[in-house]
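Below: the structure, in structure tokens.
Every heavy atom of this structure was used, including side-chain atoms; hydrogens, water molecules and symmetry mates were not. Chain identifiers are assigned alphabetically (A, B, ...) following the order of the sequence lines, protein sequences preceding nucleic acid strands; residue numbering begins at 1 within each chain.
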There are 2 protein chains.
Amino acid sequence: MMSEEHSLFIETWGSMGVLWGINRSMARIHAFIMLNEKPVDLETVAGELDISRGNASMSLKELRNWGVIHRVHISGDRRDFYVAEPDTWRMLFKIAIVRKEREFNPAMQALRDLLANAGLEKGSGVYTRMNDLEKSFSKFDRIMKKALGNERKSRMMLDLLNGFRD
Amino acid sequence: MMSEEHSLFIETWGSMGVLWGINRSMARIHAFIMLNEKPVDLETVAGELDISRGNASMSLKELRNWGVIHRVHISGDRRDFYVAEPDTWRMLFKIAIVRKEREFNPAMQALRDLLANAGLEKGSGVYTRMNDLEKSFSKFDRIMKKALGNERKSRMMLDLLNGFRD
DNA sequence: TAATACGTTCAGAAAGGATTGAAATATGAT
DNA sequence: ATCATATTTCAATCCTTTCTGAACGTATTA
């Protein structure tokens with residue numbers, strides 16, 4: 001059985017999932033795995049969280065793609081087991097980075113195109129506003145980069161990204 | 001007619017809307033209003049973006065609730081007109097703050113409850129991980145606050161927040 | 001007063017996402 | 001190879017969100 005606090009955490013994490021752009025099931029599974037000292041298997045996940053095996057299977061796969069959980073093997077057992085990525089700071093930002101690349105960067109690009117090519121009058125309110133907005137984006141960009149520290153995009157990170165392109 | 005760059009910006013902004021937790025229509029309307037030197041009316045919004053008046057009406061209302069656009073009046077005209085909030089940096093963070101309060105803070109609270117009351121063993125991996133996670137959340141919290149500068153929650157901001165509570 | 005213009009609301013339609021469950025596939029043991 | 005078990009896939013279904021459009025309310029004008 002699961003404690004009050006464990007359930008609360010799992011459900012809250014589930015709701016918060018949207019912040020990272022992951023759905024409820026995925027986020028709940030992620031929370032559940034984080035809360036387990038021992039590696040957990042698909043059967044347990046599906047049973048404890050009351051979701052289908054199919055859903056559990058796909059969600060685990062995607063969580064693995066995001067790099068926030070890992071598959072491990074236990075000798076003498078042929079089931080797959082899962083554990084959470086231990087580096088929490090990195091874990092949180094892995095998702096944020098990907099989302100930034102996918103959604104924020106194109107918007108910043110569109111904004112720069114607009115400023116460069118749309119022939120807005122330099123003195124106009126729209127120009128000023130868009131220029132300010134571009135500065136805001138750049139500022140946000142810098143904050144993001146700073147928050148990520150000096151961690152550079154690794155090969156893995158790029159692969160991950162490509163895997164998620166539409 | 002609308003330029004290539006304008007359309008691109010509108011659609012990109014629409015896609016990025018999910019980052020702020022606002023839907024495509026709302027985000028597109030927001031972009032459209034930002035791109036207009038002159039105040040725009042509902043009719044124009046619905047026509048140019050090809051959405052129903054009903055949708056436009058509701059979206060404009062919500063955008064106004066978020067505080068990212070404002071309603072203005074033009075004397076001699078009885079239609080309602082809309083303009084974008086001119087302070088872009090503030091505009092972007094208005095939404096981010098509300099979302100943080102709504103989704104991030106409860107998760108941080110659940111995490112703290114878990115650490116305080118779930119009776120996790122101090123030495124265990126789960127405890128360490130959850131403790132690290134709490135530190136990460138606090139760090140993120142600090143970054144957020146820093147990004148917002150020394151701007152304090154104004155009365156208006158609190159009203160806004162309350163308006164959005166479930 | 002009637003006629004027109006404008007804005008809002010909301011029930012139902014449409015679209016989009018998430019979930020299931022059964023079939024297909026894979027793996028390991030005997 | 002066969003059996004038993006574990007996992008993945010995906011079409012169908014369910015659920016949620018979004019959107020439409022007609023109906024209604026209100027204000028303005030004639």
Side-chain angles (χ1 to χ4, degrees), chain A residues 10-11 13-33 39-66 69-82 99 102-103 163-164 166, chain B residues 10-11 13-30 32-33 39-66 69-82 99 102-103 164 166:
Chain A
I10 288 170
E11 299 315 323
W13 199 256
S15 304
M16 203 191 57
V18 290
L19 262 181
W20 312 118
I22 67 182
N23 69 36
R24 182 168 303 270
S25 292
M26 270 175 66
R28 290 176 75 230
I29 292 173
H30 182 209
F32 180 69
I33 291 173
V40 292
D41 68 315
L42 188 144
E43 180 67 24
T44 307
V45 167
E48 289 285 319
L49 301 181
D50 197 29
I51 58 182
S52 72
R53 296 148 158 285
N55 188 356
S57 174
M58 306 231 313
S59 296
L60 286 166
K61 186 184 180 179
E62 258 198 281
L63 285 168
R64 227 145 50 78
N65 283 341
W66 285 109
I69 65 171
H70 304 287
R71 187 159 60 182
V72 295
H73 289 288
I74 293 179
S75 59
D77 198 318
R78 70 190 167 90
R79 285 171 296 174
D80 292 337
F81 288 87
Y82 300 89
R99 280 177 64 75
R102 288 213 292 169
E103 317 211 30
F164 277 97
D166 298 329
Chain B
I10 288 170
E11 299 314 322
W13 199 257
S15 303
M16 203 190 57
V18 289
L19 261 182
W20 312 115
I22 67 183
N23 69 37
R24 182 168 302 271
S25 292
M26 272 175 65
R28 288 175 75 230
I29 292 173
H30 182 211
F32 180 69
I33 291 173
V40 293
D41 69 313
L42 188 144
E43 182 66 25
T44 307
V45 167
E48 289 286 319
L49 301 181
D50 197 29
I51 59 183
S52 71
R53 298 156 145 284
N55 188 358
S57 175
M58 306 235 296
S59 296
L60 286 166
K61 186 184 181 181
E62 257 198 283
L63 285 168
R64 226 146 50 79
N65 283 341
W66 284 109
I69 66 171
H70 304 286
R71 187 159 63 181
V72 294
H73 290 288
I74 293 178
S75 58
D77 199 317
R78 68 187 167 93
R79 287 171 294 173
D80 294 336
F81 288 88
Y82 300 90
R99 281 178 62 75
R102 289 213 293 168
E103 317 211 28
F164 276 99
D166 296 330

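- Atom CD1 in A:Ile29 sits roughly 12 Å away from atom C1' in C:dA18 (whole-Å rounding).
- The side chain of A:Arg78 sits closest to D:dT5 out of D:dT8, C:dC6, D:dT5.
- Ranked by how close their nearest DNA chain C nucleotide is to the 5' end, A:Met26 and B:Arg53 are led by B:Arg53.
- Projected onto DNA chain D by closest heavy-atom contact, A:Asn55 and A:Asp77 fall at different nucleotides, the more 5' of which corresponds to A:Asp77.
- Rounded to whole angstrom, the span from the CG atom of B:Leu42 across to the P atom of C:dT8 amounts to 7 Å.
- Regarding contacts with the backbone of C:dG7, every side-chain N or O of B:Lys61 stays at 4.0 angstrom or more from both OP1 and OP2.
- By the 6.0 Å contact criterion, CG on A:Asp77 is enclosed, its count of non-hydrogen atoms from other residues, nucleotides or ligands being greater than 12.
- C:dT19 atom P lies 12 Å from atom CD1 of A:Ile22, rounded to whole Å.
- Residue whose closest nucleotide on DNA chain C sits further toward the 5' end, between A:Gly54 and A:Gly76: A:Gly54.
- If you take CG of A:Leu49 and P of C:dA18, they are 17 Å apart, rounded to a whole angstrom.
- The residue among B:Ile51 and A:Phe81 whose nearest nucleotide of DNA chain D is located toward the 5' end is A:Phe81.
- Taking atom CG of residue B:Asp41 and atom C1' of nucleotide C:dA5, one finds them 12 Å apart after rounding to whole Å.
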Stepwise side-chain contact (heavy atoms from CB on, under 4.5 Å) test for B:Val40 and B:Glu48:
CA-CA 11 Å; B:Val40 293; B:Glu48 289 286 319; over 6 Å; no
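- Rounding to the nearest 0.5 angstrom, the gap separating the CZ atom in A:Arg64 from the CG atom in A:Asp80 is 7.5 Å.
- Within the 4.0 Å cut-off from OP1 or OP2 of C:dT19, at least one side-chain nitrogen or oxygen of A:Ser25 is found.
- Residue B:Asp80 has its side chain nearest to C:dG7 when only C:dG7, D:dC10, D:dT8 are considered.
- Counting only heavy atoms from C-beta outward, the side chains of B:Ile29 and B:Ile51 approach each other to under 4.5 Å.
- Between B:Ile74 atom CD1 and C:dC6 atom C1' the separation is 15 Å, expressed in whole Å.
- Exactly one of B:Ser59, B:Ser52, B:Ser57 qualifies for a side-chain hydrogen bond (donor to acceptor under 3.5 Å, both in side chains) with B:Asn55. That residue is B:Ser59.
- Between A:Leu60 atom CG and D:dT8 atom C1' the separation is 12 Å, expressed in whole Å.
- Here the C1' atom of nucleotide D:dC14 and the CG atom of A:Asn23 are 15 Å apart, to the nearest Å.
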